[in-house]
There are 2 protein chains.
Amino acid sequence: MRIGQLAQLAGVETQTIRFYEQQGLLPPPDRQDNGYRVYTEKHGEGLAFIRRCRILGLSLAEIHELQSYQDDPHQPCTAVNALLDDHISHVRSQITALQALEKQLVSLRASCNDDREVEACGVLAGISEGNMHQQ
Amino acid sequence: MRIGQLAQLAGVETQTIRFYEQQGLLPPPDRQDNGYRVYTEKHGEGLAFIRRCRILGLSLAEIHELQSYQDDPHQPCTAVNALLDDHISHVRSQITALQALEKQLVSLRASCNDDREVEACGVLAGISEGNMHQQ
DNA sequence: TAAAACTATAAAGCTACTATAAGGTCAATA
DNA sequence: TATTGACCTTATAGTAGCTTTATAGTTTTA
Ligand SMILES: [Zn+2]
Ligand SMILES: [Zn+2]
Ligand SMILES: [Zn+2]
Ligand SMILES: [Zn+2]
């Protein structure tokens, strides 16, 4: 299987596959005489794993870490679970931060109705005057 | 006022100020004979405006847009308000996406207790098997 | 046979900075 | 006077995760 077909199966661009190889997330495949990469089903599974991790918001470094655990199947899986716990708290703190932000933005927006001149815009005034309760 | 003092007042690094100048967000200040930048209070206000926008999560492009509205103070402020509305919906959709993500991650995490081997880890199995209800 | 479609590598671009390098300027000190 | 230290200058590279572009070689199709 060549790179284009693998890309189509996985729903990614060919460059993304080469990028993952370069980053050490996909093992370098064999090459044909002309230099074309030849992929096996294993590569397909590896790529699918990476993509599902990315959909879950895991960084390439976190994926790399998961892969290193997979290479040692008889270790306890504590580290895997811990990685996920950490990631969940990443996500939760992002949510919290964004919710606080949303509140600020909504209150800022409420300080202006349309049909004003820029000079009198409540939004711009709110930003300029800096009466933003931080954090 | 030189760059270091302005930086301290605004709570940013000097490089950040030069960066904003380079990006066209801060007007190029006058220079002393030795080439040092000399800032006025106007620059301080401009920088404070940018920083408050950044705290609100606005991109440099959005800030640039806001500045262009400020240059035309007698226009109606509809566009300003619209920009903020757009940004609020950016933030809201990020929140929604992250909340969905959190759900997936929590359910994935629940599929494993500690004290298993990596081979039998419910988390890794959950990712590998791809039984993730997308979006 | 010639164009279309595919593959290859290398390098730049994206965001919003941050960090590093290599050097010039200035006031105070030894 | 020489030197230290704090400040300033520009230019360049690094961060994350790709995407885009450039340039070129190969295979497939019309
Ligand atoms: Zn994470
Ligand atoms: Zn307004
Ligand atoms: Zn926005
Ligand atoms: Zn586990």
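Just so we're on the same page: letters track the sequence lines, and every chain starts at 1.
One finds a side-chain N or O of A:Arg51 lying less than 4.0 angstrom from the OP1 or OP2 phosphate oxygen of D:dC18. Checking the phosphate oxygens (OP1, OP2) of C:dC17, a side-chain nitrogen or oxygen of B:Arg54 falls inside 4.0 Å. OP1 or OP2 of C:dA8 has at least one side-chain nitrogen or oxygen of A:Arg37 nearer than 4.0 Å. For the OP1/OP2 pair of C:dG24 and a distance below 4.0 Å, the side-chain nitrogens and oxygens of B:Asn34 include no atom meeting the criterion.
Residues A:Leu105 and B:Leu84 share a closest heavy-atom pair of O-CD2, 3.8 Å. Here the shortest heavy-atom pairing between B:Val123 and B:Cys112 reads N-CB, 3.8 Å. In plain terms, the two heavy atoms of B:Pro29 and B:Val38 that are nearest each other are CB-O, 3.2 Å.
Remark on DNA chain D: of its neighbouring residues A:Ser59 and B:Gln5, the 5'-side contact belongs to B:Gln5, judged by nearest-heavy-atom nucleotide. Each of A:Tyr39 and B:Tyr36 was assigned the nucleotide of DNA chain C with the nearest heavy atom; the assignment lying further toward the 5' end belongs to A:Tyr39.
Distance, B:Gln32 CD to C:dC26 P: 8 Å, rounded to whole Å. One interatomic measurement links the two molecules: CD of A:Gln94 to P of D:dA16, which rounds to 15 Å at whole-angstrom precision. When the P atom of C:dC6 is taken as reference, atom CD1 of A:Ile3 falls 13 Å away, rounded to whole Å. When the C1' atom of D:dC7 is taken as reference, atom CG of B:Asp33 falls 17 Å away, rounded to whole Å. Look at CD1 on A:Ile55: it is 15 Å from C1' on D:dC18, rounded to the nearest Å. Put simply, CG on B:Leu60 is 12 Å from P on C:dT18, counting in whole angstrom units. The CE-C1' distance, from A:Met1 to D:dT27, rounds to 19 Å in whole Å. Spacing between atom CD1 of A:Ile50 and atom C1' of D:dG17 amounts to 13 Å, rounded to whole angstrom units.
For the segment residues 6-31 of chain B, residues with any heavy atom less than 4.0 angstrom from an atom of DNA chain D are, sorted by number, B:Arg18, B:Arg31.
Applying the side-chain contact (heavy atoms from CB on, under 4.5 Å) rule to A:Gln75 yields the partners A:Asp72, B:Val118; only residues at least two apart in sequence or on another chain are considered.
Criterion: ILVMFWY side-chain heavy atoms under 4.5 Å apart, direct or through other members. Under it, B:Leu47 and B:Tyr36 are not part of a common hydrophobic cluster.
Residues A:Arg109 and A:Asp114 are paired through a salt bridge, judged by an N-O separation under 4.0 Å between the basic side chain and the carboxylate.
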Using atom types as modelled, flag every donor-acceptor pair under 3.5 Å from a side chain in residues 2-27 of chain A to any protein atom, sequence neighbours excluded.
{"residue": "A:Tyr20", "atom": "OH", "partner": "A:Arg51", "partner atom": "NE", "Å": "3.4"}
{"residue": "A:Tyr20", "atom": "OH", "partner": "A:Arg51", "partner atom": "NH2", "Å": "2.8"}
{"residue": "A:Glu21", "atom": "OE1", "partner": "A:Arg37", "partner atom": "NE", "Å": "2.8"}

